[in-house]
Amino acid sequence: MRHGPVSRLVALCVALLAPGLALLPIPSLAACLGAVAARPAAQAMPASFRLAAAAPNTARITFVGHATFLIESPQGVSAATDYNDYIRPPVRPDIVTMNYAHSTHFTDSPEPGIVHVLRGWTHQGKPARHNVQYKDIRVRNVPTNLRNYGSGTEYDGNSIFIFDVSQLCIAHLGHLHHKLTPGHLADLGKIDVLMVPVDGGFTLNIFDMQEVIAQIGAPLLIPMHYFSESTLERFLARLRDSHEIRLNEGPGLVVSRATLPKKPTVVVLPGPH
């Protein structure tokens, strides 16, 4: 099922959102596995859409479109989320993750030469379980369920993928359809950057998604999977009391564990949605 037309953010967002992220260097700590007593903040700055090694101790995140991001590491490894046949990165990633809900989230024909193709749904009756390391990126998943069109449940049909790179824990919620249990949250661990579907209909409704965001408590949120600026604005309006809202100048962001916003922040990356 292919969703809505590809479009870009309009000037409305510019008027509503403030540019830039302040940089606040502080000592780095290990990330991603288990609870961390003190969460340092993360560096975020505009980056152009290009494939190159990220600077040491950083990750480059580029919004390709819809639910697809390209994550690049200091050793030049690239990972693409919700890799599909409609919106793809302009380069072949080393790692791709996919989810099963709609054809804009997976493909049966991944490009030859991809090192790891990670499918996030049940196969041969067993939930997807991934924990792979390729150079300086490690990718694992936490399975969740899907609603099916008969109002039933497809167990373990979606995965939240977690990317451990440069001592950062970056999570992509995929096509999340329900709130998370304590078990899900324990499996996720501490998250620094959270990619959130905000359409409020095809995925989780906006009220429950707000609860999921609060449960995870990531300092930096990146919205995805919306079909109009009005849908995006509805989501942003719900978070204005708890988060700063920022519009990035381009589709790319360089993030490090050296600084994260002191106040939880939503960064909107322009691109096809």
Side-chain angles (χ1 to χ4, degrees), residues 21-45 54 56-61 67 69 71-74 77 79 81 95 97 99 118 120 128-134 136-144 158-174 176 178-198 204 208-224 239 242-244 246 253-267 269:
L21 281 177
L23 305 183
L24 233 127
I26 62 176
S28 63
L29 297 175
C32 222
L33 290 178
V36 178
R39 183 193 299 280
Q43 182 181 16
M45 66 193 86
N57 300 315
T58 72
R60 182 182 294 114
I61 300 171
F69 294 84
I71 300 169
E72 299 165 72
S73 78
V77 178
T81 66
I95 303 167
T97 64
N99 276 300
L118 307 180
R129 296 290 182 188
H130 301 294
N131 191 341
V132 302
Q133 180 89 34
Y134 183 64
D136 59 347
I137 289 186
R138 186 170 71 93
V139 185
R140 59 188 179 89
N141 74 305
V142 175
T144 67
N158 180 72
S159 281
I160 301 171
F161 282 96
I162 303 100
F163 303 83
D164 187 351
V165 53
S166 294
Q167 300 186 57
L168 285 164
C169 198
I170 302 169
H172 184 283
L173 290 180
L176 186 66
H178 58 78
K179 293 189 288 187
L180 302 181
T181 66
H184 290 130
L185 295 168
D187 288 343
L188 282 175
K190 290 286 188 179
I191 301 298
D192 300 300
V193 182
L194 184 64
M195 299 161 179
V196 184
V198 303
L204 188 60
D208 288 344
M209 189 65 79
Q210 189 175 10
E211 182 176 332
V212 168
I213 289 168
Q215 288 177 311
I216 294 174
L220 187 58
L221 303 182
I222 304 176
M224 62 174 183
L239 268 68
S242 57
H243 289 69
E244 290 190 15
R246 305 279 175 88
L253 196 68
V254 174
V255 184
S256 83
R257 195 165 177 79
T259 64
L260 275 174
K262 288 188 173 180
K263 180 178 180 179
T265 298
V266 179
V267 176
L269 300 181

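Between the side chain of R140 and the main chain of L188, a donor-acceptor pair closer than 3.5 Å is present.
The shortest distance between side-chain heavy atoms of P264 and L221 does not fall below 4.5 Å. Using a 4.5 Å heavy-atom threshold, the side chains of L180 and I160 count as touching. Using a 4.5 Å heavy-atom threshold, the side chains of F161 and T81 count as separate. P197 is listed as a side-chain neighbour of M209, based on a closest heavy-atom distance under 4.5 Å. Side chains of C169 and D192 form a contact here, defined as non-hydrogen atoms less than 4.5 Å apart. The shortest side-chain heavy-atom distance between L253 and R246 does not fall under the 4.5 Å cut-off. Annotation: side chain of Q210 is in contact with side chain of L239 (closest heavy-atom distance under 4.5 Å). Within the 4.5 Å cutoff, the side chain of T97 has no heavy atoms near those of the H172 side chain.
The nearest pair of heavy atoms linking P74 to T58 is CD-O, 3.3 Å. Between M224 and G174, the shortest heavy-atom distance links the atoms CE-O, 3.8 Å. The nearest pair of heavy atoms linking S159 to N99 is N-OD1, 2.7 Å. Nearest heavy-atom pair across P219 and P261 is O-CG, 3.9 Å. Contact between K263 and E244 at its shortest, heavy atoms only, is CD-CG, 3.7 Å. Of all non-hydrogen atoms in P223 and F69, the two that sit nearest each other are O-CZ, 4.3 Å.
Pairs of residues two or more places apart, or lying in two chains, that qualify as salt bridge (charged side-chain N to carboxylate O under 4.0 Å, His left out) and include a residue from residues 211-221 are K179-E211.
Rounded to the nearest 0.5 Å, atoms CD1 (I95) and OH (Y134) are 8.0 Å apart. Annotation: the span from I61 atom CD1 to L220 atom CG amounts to 7.0 Å, rounded to 0.5 Å. For the atom pair CG of L176 and CG of N158, the computed distance is 6.5 Å after rounding to the nearest 0.5 Å. Once rounded to the nearest 0.5 Å, the distance linking CG of D164 with CG of D136 reads 10.0 Å. Of the inter-residue distances, the one linking N57 atom CG with R257 atom CZ reads 11.5 Å to the nearest 0.5 angstrom. If you take CD1 on I216 and CG on L194, they are separated by 4.5 Å, rounding to the nearest 0.5 Å.
Looking at residues two or more places apart in sequence or on another chain, you find a ring pair (Phe, Tyr, Trp, His ring centres under 6.0 Å) between H184 and H178. Among residues two or more places apart in sequence or in another chain, the side chain to side chain donor-acceptor pair (under 3.5 Å) test is passed with D208 by N205.
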- Item | side chain to side chain contact (heavy atoms under 4.5 Å, CB included) assessment of N141 paired with L118 | CA-CA 9 Å; N141 74 305; L118 307 180; over 6 Å; no
- Message: Let's go through L173 and L204 carefully: what are the C-alpha distance in whole Å and the side-chain angles of both, what is the deciding distance for side chain to side chain contact (heavy atoms under 4.5 Å, CB included) to 0.1 Å, and is it a yes or a no?
- Response: CA-CA 10 Å; L173 290 180; L204 188 60; over 6 Å; no
- Task: Test side chain to side chain contact (heavy atoms under 4.5 Å, CB included) on M195 and I170 and set out the steps.
- Result: CA-CA 8 Å; M195 299 161 179; I170 302 169; 3.7 Å; yes
